[in-house]
Q: 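Let me give you the structure first, and then I'll get to my questions.
Residue numbers start at 1 and run along the sequence shown. Just so you know, ligand 1 is whichever comes first in the structure, and atom 1 is the first atom listed for that ligand.
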Amino acid sequence: MNHKTLVISLLISAVMLSISGTAMSDDDYERGGFLNRWFGDSKPGVAPVENPYYLEECGSCHFAYQPGLLPARSWSKLMAGLDDHFGENAELPAEDAKILEDYLVGNSADKSNHKRSKKIMKRMPSTDTPLRITETRYFIKKHDELSRNMVQGNPQVESISRCDSCHKQAAKGSFEEDEIEIPGFGRWEDD
Ligand code: HEC
Ligand code: HEC
């Protein structure tokens with residue numbers, strides 16, 4: 001190889017590398033991607049809830065959704081409307097609400113280094129302030145293979161918002177495929 005062809009082939013491989021880098025598929029990213037694995041810049045799942053007060057107050061009616069499932073702007077909006085919280089009154093004394101909001105905002109998806117939080121943010125337009133995790137683009141795409149029979153028509157599930165009825169390790173912040181079991185339908189097999 002003479003000097004000129006060496007330079008050209010180096011240039012070509014540089015271009016190929018950058019293309020494969022940016023065109024990394026969802027599944028590559030899912031497995032951590034080689035850059036993520038090498039440099040360990042992303043933790044798995046979402047950060048688990050370690051705040052007992054949050055677990056008590058926000059886990060009494062439903063699964064205590066991890067702060068890393070929504071951006072800070074969503075949590076602030078949600079906390080400002082607790083008197084009409086999806087049809088329920090979940091109002092709290094202002095000082096208590098403030099403690100919880102600080103916790104949610106401080107650990108929100110847009111500040112997280114966890115893989116699922118980053119992916120939720122990556123798909124969310126910056127102008128969106130969803131109040132539901134189940135209304136985010138990432139969530140909708142991940143759950144588009146579920147049938148009505150498995151969710152709304154399933155007496156053991158009823159609502160897609162009940163994360164822990166299918167994700168057996170949800171409380172640990174883990175939503176891996178091999179931990180999914182749909183009540184009455186068994187383990188989730190995807191091919
Ligand atoms: C009085 C009961 C009650 C309390 C207390 C409560 N919630 Fe809820 N929450 C609900 C109901 C009902 C829904 C709607 C569930 C559904 O659609 O299946 C909901 C839904 C949500 C959702 C949307 C879930 C989705 O579909 O993506 C979030 C986020 C949420 N709650 C956060 C909180 C936080 C944070 C707190 C604590 C400040 C809290 N909730 C306290 C009753 C409650
Ligand atoms: C009725 C059962 C069910 C409920 C309820 C449910 N999920 Fe899922 N979830 C699934 C299935 C099935 C998949 C798809 C797994 C696949 O094929 O990649 C999935 C995928 C996911 C993924 C991506 C996992 C991966 O490996 O790609 C995340 C994150 C997730 N769910 C979070 C949640 C959260 C948060 C909630 C509650 C707000 C929730 N899910 C409620 C069944 C459920």
Side-chain angles (χ1 to χ4, degrees), residues 25-32 44-46 48-49 51 53-72 74-94 96-105 107-109 114-121 123 129-191:
S25 74
D26 224 36
D27 280 346
D28 290 337
Y29 193 88
E30 207 79 38
R31 284 180 214 106
V46 298
V49 173
N51 182 323
Y53 183 54
Y54 179 79
L55 281 177
E56 190 189 317
E57 289 295 344
C58 303
S60 57
C61 294
H62 48 64
F63 173 69
Y65 305 110
Q66 287 92 357
L69 291 168
L70 285 173
S74 292
W75 292 123
S76 292
K77 189 172 169 191
L78 184 136
M79 292 305 290
L82 284 183
D83 57 325
D84 184 9
H85 179 73
F86 307 97
E88 302 250 350
N89 187 342
E91 221 174 354
L92 290 166
D96 296 346
K98 172 81 170 75
I99 294 170
L100 294 170
E101 186 184 346
D102 286 350
Y103 166 68
L104 286 163
V105 165
N107 295 277
S108 56
H114 285 256
K115 186 169 77 176
R116 301 286 166 207
S117 300
K118 287 182 171 181
K119 294 180 68 145
I120 289 168
M121 289 318 299
R123 284 185 184 272
T129 306
L131 284 180
R132 283 182 182 267
I133 300 142
T134 53
E135 279 171 359
T136 62
R137 287 189 187 178
Y138 175 72
F139 184 96
I140 291 167
K141 178 166 180 284
K142 283 292 176 179
H143 295 85
D144 66 355
E145 285 175 36
L146 287 167
S147 66
R148 276 196 72 84
N149 288 347
M150 292 174 175
V151 190
Q152 296 90 340
N154 188 341
Q156 296 178 76
V157 182
E158 286 178 344
S159 166
I160 191 68
S161 306
R162 301 203 180 140
C163 319
D164 54 340
S165 57
C166 302
H167 294 278
K168 299 303 169 194
Q169 303 297 327
K172 291 185 178 147
S174 180
F175 298 91
E176 294 302 307
E177 225 179 299
D178 57 4
E179 299 161 353
I180 301 172
E181 202 181 309
I182 301 172
F185 290 82
R187 296 193 84 81
W188 181 256
E189 310 276 355
D190 197 22
D191 33 35

Q: Give yes if a backbone or side-chain nitrogen or oxygen of Y65 is under 3.5 Å from a nitrogen or oxygen of ligand 2, and no if not.
A: no
Q: Taking backbone and side chain together, does H85 place any N/O/S atom at a distance below 2.8 Å from atom 8 (Fe) of ligand 1?
A: yes
Q: How are the rings of Y103 and Y54 set to each other: parallel, tilted or perpendicular (split at 30° and 60°)?
A: tilted
Q: With nothing but distance in play, are any N or O atoms of W188 less than 3.5 Å from an N or O of ligand 2?
A: yes
Q: For atom 10 (C) of ligand 1, which candidate among E91, H62, E88 provides the closest heavy atom?
A: H62
Q: Does any N, O or S atom in C61 come within less than 2.8 Å of atom 8 (Fe) of ligand 1?
A: no
Q: Of the backbone atoms (N, CA, C, O) and the side-chain heavy atoms from C-beta on, which set of L78 has a member under 4.0 Å from an atom of ligand 1: side chain, backbone, both, or neither?
A: side chain
Q: Check whether any N, O or S atom of H143, backbone or side chain, sits closer than 2.8 Å to atom 8 (Fe) of ligand 2.
A: yes
Q: Is it true that M79 lies under 4.0 Å from ligand 1, counting heavy atoms only?
A: yes
Q: Residue-level breakdown please: for K142 versus ligand 2, do any non-hydrogen atoms fall below 4.0 Å on the side chain, on the backbone, on both, or on neither?
A: both
Q: Nearest heavy atom to atom 21 (C) of ligand 1: which of W75, Y54, F63, F86 does it belong to?
A: F86
Q: What is the name of the N/O/S atom of H167 that is nearest to atom 8 (Fe) of ligand 2?
A: NE2
Q: Could you walk me through whether N107 and N51 pass the side chain to side chain contact (heavy atoms under 4.5 Å, CB included) check?
A: CA-CA 11 Å; N107 295 277; N51 182 323; over 6 Å; no
Q: Classify the contact between A90 and ligand 1 as side chain, backbone, both or neither, using a heavy-atom distance cut-off of under 4.0 Å.
A: side chain
Q: Polar contacts were defined as any N/O atom of the residue lying under 3.5 Å from an N/O atom of the ligand; does this apply to S165 and ligand 2?
A: no
